[in-house]
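Remarks on the structure that follows.
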Amino acid sequence: MKPTIALTLGDPAGVGPEIVARICHDEEVRAACRLLVIGRSMLLSAGALACNLPEPEVDMVEAGQGAEIKPGLPSAASGRQAGAFIEKACELCLNGQAQAMVTAPISKEALQKGGYADTGHTTMLARLTGVKRPVMMLAGSHLKVIPVTVHVAIKDVPGLLTRELIIETAQVAMADIIKFFGIKNPRLAVAALNPHAGEQGLFGDEESRVIEPAVQYLREKGINAQGPFSPDTVFFRASKGEFDFVLCMYHDQGLIPMKLLNFYDGVNVTLGLPLIRTSVDHGTAYDIAGTGKARADSLKSAVMLAAKMAKKAFPD
Ligand SMILES: NC(=O)C1=CN([C@@H]2O[C@H](COP(=O)(O)OP(=O)(O)OC[C@H]3O[C@@H](n4cnc5c(N)ncnc54)[C@H](O)[C@@H]3O)[C@@H](O)[C@H]2O)C=CC1
Ligand SMILES: NCC(=O)COP(=O)(O)O
């Protein structure tokens with residue numbers, strides 16, 4: 001049976017309703033899964049209109065309170081609706097009415113203005129499912145990266161990086177990667193924090209103090225981790241096939257190279273949850289919202305990957 005994918009509209013002031021409308025007309029997507037759009041039908045209709053597409057014929061679950069939303073203008077109301085869509089999709093996954101959820105982009109700022117304390121889908125879904133250590137992975141055909149710290153200020157990164165955090169992030173990620181992606185012994189490169197991996201302590205000691213002991217521990221536990229490697233070359237090496245995944249010390253360390261190589265079809269996957277969740281790699285693109293210009297490639301990749309993961313988790 002085809003898996004049911006709960007697909008949220010994202011922040012309604014962003015490009016979410018447009019890319020969802022596009023996906024609803026995609027034959028390959030419709031062959032791979034049953035889409036269940038979570039949001040407000042008026043928004044989906046507006047998204048289709050902006051893209052000059054016919055009204056999508058798709059199953060829909062209405063969620064969130066009605067409000068006036070203008071494309072390109074995020075607000076407390078758009079954030080509140082975006083949050084309600086995520087809550088409903090999560091509920092449908094947990095009660096078995098959907099086998100996976102896929103999310104269109106939201107703004108963390110609007111989400112918080114809308115009354116949520118979360119810093120994005122990842123932390124919100126962790127809160128809703130009672131998970132302590134959700135792990136973000138950005139997966140592209142050339143590069144797959146896993147940031148250890150995510151939505152935090154750069155000045156806070158060194159203080160947040162601990163041996164335990166690195167170990168837990170790698171362990172959660174590897175467990176789900178083996179489960180869903182069928183890679184037996186994933187090759188995990190661990191990026192250093194400092195230039196040239198600290199140059200023997202000349203430019204910082206996080207490598208010797210924190211990252212090396214974590215890599216050592218992971219290896220003792222049977223994880224094929226290597227590093228810490230100089231951040232300026234490890235992504236090139238991984239993109240050429242030397243490693244399957246790169247564990248990164250902070251968000252932009254991994255997401256910049258990943259988006260350079262895979263912006264249009266990259267997928268954000270949350271690992272370590274009791275449900276399957278994938279998302280686009282891009283943001284709300286407020287600058288082009290309402291114009292019909294947004295590409296839906298990343299959302300298509302996210303839906304196709306979620307369908308594949310759901311088939312693995314819920315075989316017929
Ligand atoms: N999955 C999610 O929910 C994500 C949400 N965000 C949020 O998005 C908001 C805006 O972030 P930005 O840094 O401006 O990044 P962005 O990805 O929204 O936009 C960056 C540039 O890429 C273009 N772009 C983005 N998606 C596109 C698409 N599908 N087709 C064609 N062009 C596209 C935009 O027009 C813009 O020029 C922020 O609030 C951020 O937190 C960012 C990344 C992921
Ligand atoms: N850069 C990734 C991003 O902003 C998406 O975060 P999340 O909403 O998936 O937690």
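Every number for a ligand or one of its atoms is a count from 1 in the order of the listing. Reckoned from all heavy atoms, side chains included, excluding hydrogens, waters and symmetry mates.
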Just to confirm my output: which protein heavy-atom neighbour is closest to atom 18 (O) of ligand 1, and how far is it?
A285 N, 2.8 Å
State the atoms of ligand 1, each with its element, that fall below the 4.0 Å cut-off from a heavy-atom position in A294.
30 (N)
Applying a strict under-4.5 Å side-chain criterion to I, L, V, M, F, W and Y, I'd like to know whether L305 and I177 cluster together.
yes
Counting heavy atoms only, which of L255, N268, I106 is nearest atom 5 (C) of ligand 2?
N268
Does R187 use its side chain to pair, donor to acceptor, with the backbone of G241 at less than 3.5 Å?
yes
Quick one: are F181 and M309 in side-chain contact, heavy atoms under 4.5 Å?
yes
Between E91 and L128, is the side-chain contact (heavy atoms from CB on, under 4.5 Å) condition met? List the steps.
CA-CA 9 Å; E91 180 194 318; L128 292 173; over 6 Å; no
Filtering D281, T284, I288 for the heavy atom nearest atom 38 (C) of ligand 1 leaves T284
Looking only at distance, does T119 have an N or O less than 3.5 Å from an N or O of ligand 2?
no
Contact bool for atom 36 (C) of ligand 1 (protein heavy atom, d < 4.0 Å):
yes
Starting from atom 7 (C) of ligand 1, find the nearest protein heavy-atom neighbour and note its residue, name and distance.
I106 O, 3.2 Å
Can you report which non-hydrogen protein atom sits closest to atom 22 (O) of ligand 1, along with the distance?
F263 CZ, 3.7 Å
Determine yes or no for a side-chain-to-main-chain donor-acceptor pair under 3.5 angstrom, with Q253 supplying the side chain and A192 the backbone.
yes
Atoms in ligand 1 with a heavy atom of S107 nearer than 4.0 Å
39 (O)
Could an N or O of ligand 2 be found under 3.5 Å from any N or O of H121, whether backbone or side chain?
yes
Nearest neighbour in protein (non-hydrogen) for atom 4 (O) of ligand 2
K108 NZ, 2.5 Å
Side chain to side chain, L44 and M60, heavy atoms closer than 4.5 Å
yes
Counting each atom of ligand 2 from 1 as listed, which ones have a heavy atom of G120 under 4.0 Å away?
8 (O), 10 (O)
Is a donor from one side chain sitting under 3.5 angstrom from an acceptor on the other, for S41 and E62?
yes
So, are R30 and E27 salt-bridged, with charged N and O less than 4.0 Å apart?
no
Nearest protein heavy atom with distance in Å, relative to atom 10 (O) of ligand 2:
T122 OG1, 2.6 Å
Pair S78-D11, side-chain donor/acceptor within less than 3.5 Å
yes
Short check: is a protein heavy atom less than 4.0 Å from atom 14 (O) of ligand 1?
no
Do the side chain of Y116 and the main chain of A84 share a donor and acceptor less than 3.5 angstrom apart?
yes
What are the atoms of ligand 2, with element, lying closer than 4.0 Å to any heavy atom of R277?
9 (O)
Tell me, which protein residue and heavy-atom name are nearest atom 1 (N) of ligand 2, and how many Å apart are they?
H251 NE2, 2.8 Å
Would you mind checking if E109 and K113 are paired as a salt bridge, meaning a charged N to carboxylate O distance below 4.0 Å?
yes
Any idea which protein heavy atom is nearest atom 29 (N) of ligand 1, and the distance to it?
R295 O, 2.9 Å
Nearest neighbour in protein (non-hydrogen) for atom 40 (C) of ligand 1:
K108 NZ, 3.9 Å
Are the charged groups of K259 and D281 less than 4.0 angstrom apart, N to O?
no
Side chains of F314 and P3 in contact at under 4.5 Å (non-hydrogen atoms)
no
Heavy-atom side-chain contact between E18 and K293 under 4.5 Å:
no
With heavy atoms of H121 as the reference, note each atom of ligand 1 found under 4.0 Å away.
3 (O)
The protein heavy atom nearest to atom 6 (O) of ligand 2 is H151 CE1, 3.3 Å
Counting heavy atoms only, which part of K259 comes closer than 4.0 Å to ligand 2: side chain, backbone, both or neither?
neither
Among protein heavy atoms, which sits nearest to atom 16 (P) of ligand 1, and what does the distance come to when rounded to 0.1 Å?
G283 N, 3.5 Å
Per-atom filter on ligand 1: closer than 4.0 angstrom to a heavy atom of S279 are 1 (N)
Closer than 3.5 angstrom, by distance alone: can the side chain of Q226 be matched with the main-chain N or O of L188 as a donor-acceptor pair?
no
Residue, atom name and distance, where the atom is the protein heavy atom closest to atom 34 (C) of ligand 1
D287 OD1, 3.4 Å
Are V210 and L160 linked, directly or through intermediate hydrophobic residues, by side-chain heavy-atom contacts shorter than 4.5 Å (ILVMFWY only)?
yes
Would you call M258 a ligand 2 contact, heavy-atom distance under 4.0 Å?
no
Enumerated ligand 1 atoms positioned under 4.0 Å from heavy atoms of P105:
2 (C), 3 (O)
Among all protein heavy atoms in this structure, tell me which lies nearest to atom 4 (C) of ligand 1, with the distance rounded to 0.1 Å.
H282 O, 3.4 Å
